[in-house]
Amino acid sequence: MARTELKDLGEFGLINRLNTATKILQPSTHKGIGDDAAVLDYGGELFTLVSTDLLIEGVHFDLSYFPLKHLGYKAVSVNVSDIAAMNGTPTQITVSLAISNRFSVEALEELYAGIYLACEDYGIDLIGGDTTSSLSGLMISITALGQVAKDKVVYRNGAQKGDILCVTGDLGGAYLGLQILSREKEVFLANPEMQPQLTGLDYLVGRQLRPEARTNIIHELQDLELVPTSMIDISDGLASEILHICQQSGVGAFVFEDKIPIDKMSYETAIEFNIAPTTCALNGGEDYELLFTIKQSEFEKIKTHPNISTIGYIVDKSEGTWLKTRGDNEVKITAQGWTHF
Ligand code: ADP
Ligand code: MG
């Protein structure tokens, strides 16, 4: 049998290939693989949501600049973010750890301090998990459960021609935070006497080390009686997530470069690192903001919202997915995303 290399498929190709054989046997499995969380129907007025993520030392985090407490917080946030992306409210988590004897009990207590802080912030309960040894490094897997009213669940596949594309917060900051932390690590390795130069850069470093899931926006959308037509959280970069919504909804999109929200500090730091600020937003990832679409008739409801930007609109699939640049050019949106293999 021919050998296929992982890099030839990529993350999404691999998931698709492994999952083609999935059969749904349970009537309660309302939506399985393919969205930010699975959707389960046990009767009643609510769906149950389930999402899981795995974080590996050396791949997703580097403990030389990632304080364990922040890591615990972030591991919870990334899962809560997937529940929010279904328009849901998180309720419980389980936490599984693989640890080597390199870690002390006190170090693991720090990790848990972050996990408990996140549980408090999001109002959720830690209800179990698993602990095992690892030959090298730390691995954390968290599963989050959540709930959503059946008529309020939002998938990636509901965007329709004419809908407005919206994004919360600002983008690119987490990627730039990572660049700053990597730079300081290099400086430190070259000269351990050097102290990190992080003054004034706390916002970006915080975006990388301590992301907050946008549960607040989910509550606000509820208050506005606004149910998006589609939604996804931004874990891999705006470009990749726009393509997920477009592919799954069977539509195209026009996005305006000058509408993409980028914080002033992100902008200036990108320039300093010689990276286009827009590239950080499109391909940086880990911002954990929400990307969603709404019907044009709902625009009034979010028009003046300080944390929601409208960045483009949905078009017919045949028109493709394009970025209209500041210079009035059209650039095809492609996913760079993920190259772990
Ligand atoms: P997200 O970035 O929102 O966490 P992913 O891109 O990781 O989503 O996953 C997309 C979908 O594929 C999800 O429904 C997820 O549960 C599913 N998935 C990912 N990896 C696997 C796997 N190894 N086996 C089965 N399903 C998977
Ligand atoms: Mg997601």
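All ligand and atom numbering here is 1-based and tracks the order in the structure. Side chains are part of it too, since the values below use all heavy atoms of this structure and drop only hydrogens, waters and symmetry mates.
Taking every non-hydrogen atom of Ile33 and a distance limit under 4.0 Å, the qualifying atoms of ligand 1 come out as 12 (O), 14 (O), 17 (C), 25 (C), 26 (N). For ligand 1, the atoms lying closer than 4.0 Å to a non-hydrogen atom of Arg156 are 3 (O), 8 (O). Every atom of ligand 1 with a heavy atom of Asp36 under 4.0 Å away is listed here by number and element: 3 (O).
Shown here are the side-chain contact (heavy atoms from CB on, under 4.5 Å) partners of Asp258, two or more places apart in sequence or in another chain: Phe256, Arg326.
Note on Asp233 versus Arg214: no salt bridge recorded, every NZ/NE/NH1/NH2 to OD/OE distance being 4.0 Å or above. Contact check on Arg183 versus Glu186 returns no salt bridge, with no Lys/Arg side-chain nitrogen under 4.0 Å from an Asp/Glu carboxylate oxygen. One finds a salt bridge joining Glu298 and Lys301 here, because a Lys/Arg side-chain nitrogen approaches an Asp/Glu carboxylate oxygen to under 4.0 Å.
In summary, Asp82 places an N/O/S atom under 2.8 Å from the Mg ion (ligand 2), meeting the contact criterion.
The heavy atom nearest to atom 10 (C) of ligand 1, out of those in Asn16, Asp233, Asp35, is found in Asp35.
Atom CZ of Arg17 has 12 or fewer neighbouring heavy atoms from other residues, nucleotides or ligands inside a 6.0 Å radius.
Of the polar atoms of Thr52, none of the N or O atoms is found under 3.5 Å from an N or O of ligand 1, judged by distance alone. In terms of N/O distances under 3.5 Å, ligand 1 is not approached by Ile15.
Put simply, no part of Lys31 is less than 4.0 Å from ligand 1, judged by heavy atoms.
Of the angles at the Mg ion (ligand 2), the one spanning OD1 of Asp233 and OD1 of Asp36 is 90° when given to 10°.
The only option from Asn79, Asp53, Thr52 that meets the side chain to side chain donor-acceptor pair (under 3.5 Å) definition with Thr143 turns out to be Thr52.
Atom 15 (C) of ligand 1 is not flagged as protein-proximal [any protein heavy atom, distance under 4.0 Å].
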